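Input: a single structure, listed below in structure tokens.
For reference, positions follow the sequence shown, starting with 1. Because the structure is predicted, anything quoted here is derived from the model rather than measured. The analysis underlying the following values was restricted to heavy atoms, covering all of them including side chains, and did not include hydrogens, waters or symmetry mates.
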Amino acid sequence: MALPVYDELCHNQEKAFAGSPVFAFSLHFALSVNMFLLFAGVVGNTLIVRIFHQVVSIHSSSRTLFYSLAASDLSVGVIVQPLNLVYLISNITGNRSLCKSTLPYLEVTGFAMCGVSLLTASEISVDRLLAFRLRLSYRQVVSLGRVRLVVVVTWLVSLVSGLTSLWNREAFNLLQIIGTFLAIVISTVSYGWIHHKLRQQKKHRKQRKVAWVEPSQVVSGVSSFSSIHYKKTLSTALWVYFVLISCYLPYMMVAVLWSVFGAQREVVICHAFALTLLYFNSAVNPVLYCLKIREVKERFKRLLSNASCN
């Protein structure tokens with residue numbers, strides 16, 4: 001298969017910097033930030049991947065989804081970020097041959113790993129929705145084997161979708177826009193439905209208290225389901241979702257601009273910062289896990305203390 005031509009994405013020094021100090025500064029700044037994000041993402045997600053399989057406070061099926069998300073974030077730091085640094089350095093130094101040989105691998109792996117993160121985040125939202133609706137039958141329906149199958153399919157679909165960049169640029173750009181949009185819509189609808197039902201549940205509890213309902217009736221399946229444990233896992237998933245939205249929406253808008261205006265200098269600058277924001281999402285997720293999941297925080301501290309003692 002012949003690799004696509006990336007002439008519009010790779011600049012020599014004269015083309016890149018002539019009359020445009022802003023362009024040069026933007027690339028240098030993006031390079032510096034991405035170097036820091038690479039280090040933070042690799043270290044943080046390596047520890048999280050090591051910790052997650054020991055976390056027992058989260059149900060095994062849900063834990064598998066969080067584990068997949070952490071693994072994709074780690075892959076971004078180990079595989080995608082180094083390729084992105086090579087791409088930025090090649091544009092800064094004007095090495096077009098290095099740039100054009102790096103970009104195919106960057107686009108395939110970048111789309112695949114970020115696609116896994118995006119799809120897994122939407123799957124976590126569906127998992128929380130199913131946990132709310134199925135209640136006591138959740139563990140039988142959402143089994144560990146089925147979740148593992150979903151995770152494998154997610155990784156395969158993301159990789160195949162990333163490979164479309166090698167033979168059809170229009171289809172690749174369309175997949176970026178549609179895939180990101182659908183994943184965000186699924187997550188938004190799922191969390192919106194949960195929020196609506198929780199508010200209804202709270203309203204019904206208040207009405208039952210006013211009507212002096214017997215305590216045995218208040219402790220029903222609905223009331224007992226609104227447990228502290230569920231709300232904690234829901235809170236973690238919501239924070240992951242909100243941060244992901246903040247990091248992915250700018251890239252989605254830049255992808256639309258790229259499809260309409262092409263690789264103009266201003267669009268290339270926006271693209272570099274939008275990619276940096278995507279990689280920031282992978283680096284900040286370990287911080288969210290430590291802040292929102294007490295067991296992860298405790299095990300994280302234990303690992304750091306053991307490392308310092310050694």
Under a 3.5 Å cutoff, is there a donor and acceptor pairing between the side chains of [X] and [Y]?
X	Y	answer
Ser62	Arg128	yes
Ser187	Ser122	no
Ser68	Trp155	yes
Ser97	Asn95	yes
Arg96	Ser90	no

Practice task
Step through it carefully: locate the ring centre of Phe132, locate the ring centre of Tyr138, and say whether they are under 6.0 Å apart.
Solution key: no
Practice task
Run through the side-chain heavy atoms of Ile, Leu, Val, Met, Phe, Trp and Tyr, join any pair under 4.5 Å, and report what else lands in Leu149's cluster.
Solution key: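 Members other than Leu149 - counting any ILVMFWY side chain reachable under 4.5 Å - are Val153, Val157.
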Exercise for the section: Please list, chain by chain and in numerical order, all residues satisfying side chain to side chain donor-acceptor pair (under 3.5 Å) with Tyr241, sequence neighbours excluded. Expected result: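 For Tyr241 the side chain to side chain donor-acceptor pair (under 3.5 Å) partners, ignoring immediate neighbours, are Thr188.
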Handout entry: Criterion side chain to side chain contact (heavy atoms under 4.5 Å, CB included) against Leu69, the qualifying member of Ile124, Leu244, Leu118, Leu74
Key =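 When side chain to side chain contact (heavy atoms under 4.5 Å, CB included) is applied between Leu69 and each of Ile124, Leu244, Leu118, Leu74, only Ile124 qualifies.
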Handout entry: Identified side chain to side chain contact (heavy atoms under 4.5 Å, CB included) partner of Tyr87 from the options Asn84, Leu85, Ile89, Leu83
Key =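 Checked Asn84, Leu85, Ile89, Leu83 against Tyr87; only one passes side chain to side chain contact (heavy atoms under 4.5 Å, CB included): Asn84.
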Exercise for the section: State which residues pass salt bridge (Lys or Arg N to Asp or Glu O under 4.0 Å) with Glu298; sequence neighbours excluded, sorted by chain then number. Expected result: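 None.
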Practice task
Enter the distance from Leu249:CG to Leu277:CG here, rounded to the nearest 0.5 Å.
Solution key: 10.0 Å
Exercise for the section: Check step by step if side-chain contact (heavy atoms from CB on, under 4.5 Å) holds for Ser61 and Leu65. Expected result: CA-CA 7 Å; Ser61 299; Leu65 292 175; over 6 Å; no
Problem - Ile245 side chain near Phe242 side chain, heavy-atom distance below 4.5 Å - result: no
Practice task
Could you walk me through whether Asp73 and Ser75 pass side-chain hydrogen bond (donor to acceptor under 3.5 Å, both in side chains), step by step?
Solution key: CA-CA 5 Å; Asp73 289 336; Ser75 299; over 6 Å; no
Handout entry: hydrophobic_cluster_shared for Tyr279 and Leu119, side chain cutoff 4.5 Å
Key =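 The answer is no; the residues belong to distinct hydrophobic clusters.
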Practice task
Any chance you could lay out the side-chain contact (heavy atoms from CB on, under 4.5 Å) test for Leu98 and Thr93, step after step, and finish with the verdict?
Solution key: CA-CA 10 Å; Leu98 177 61; Thr93 59; 5.9 Å; no
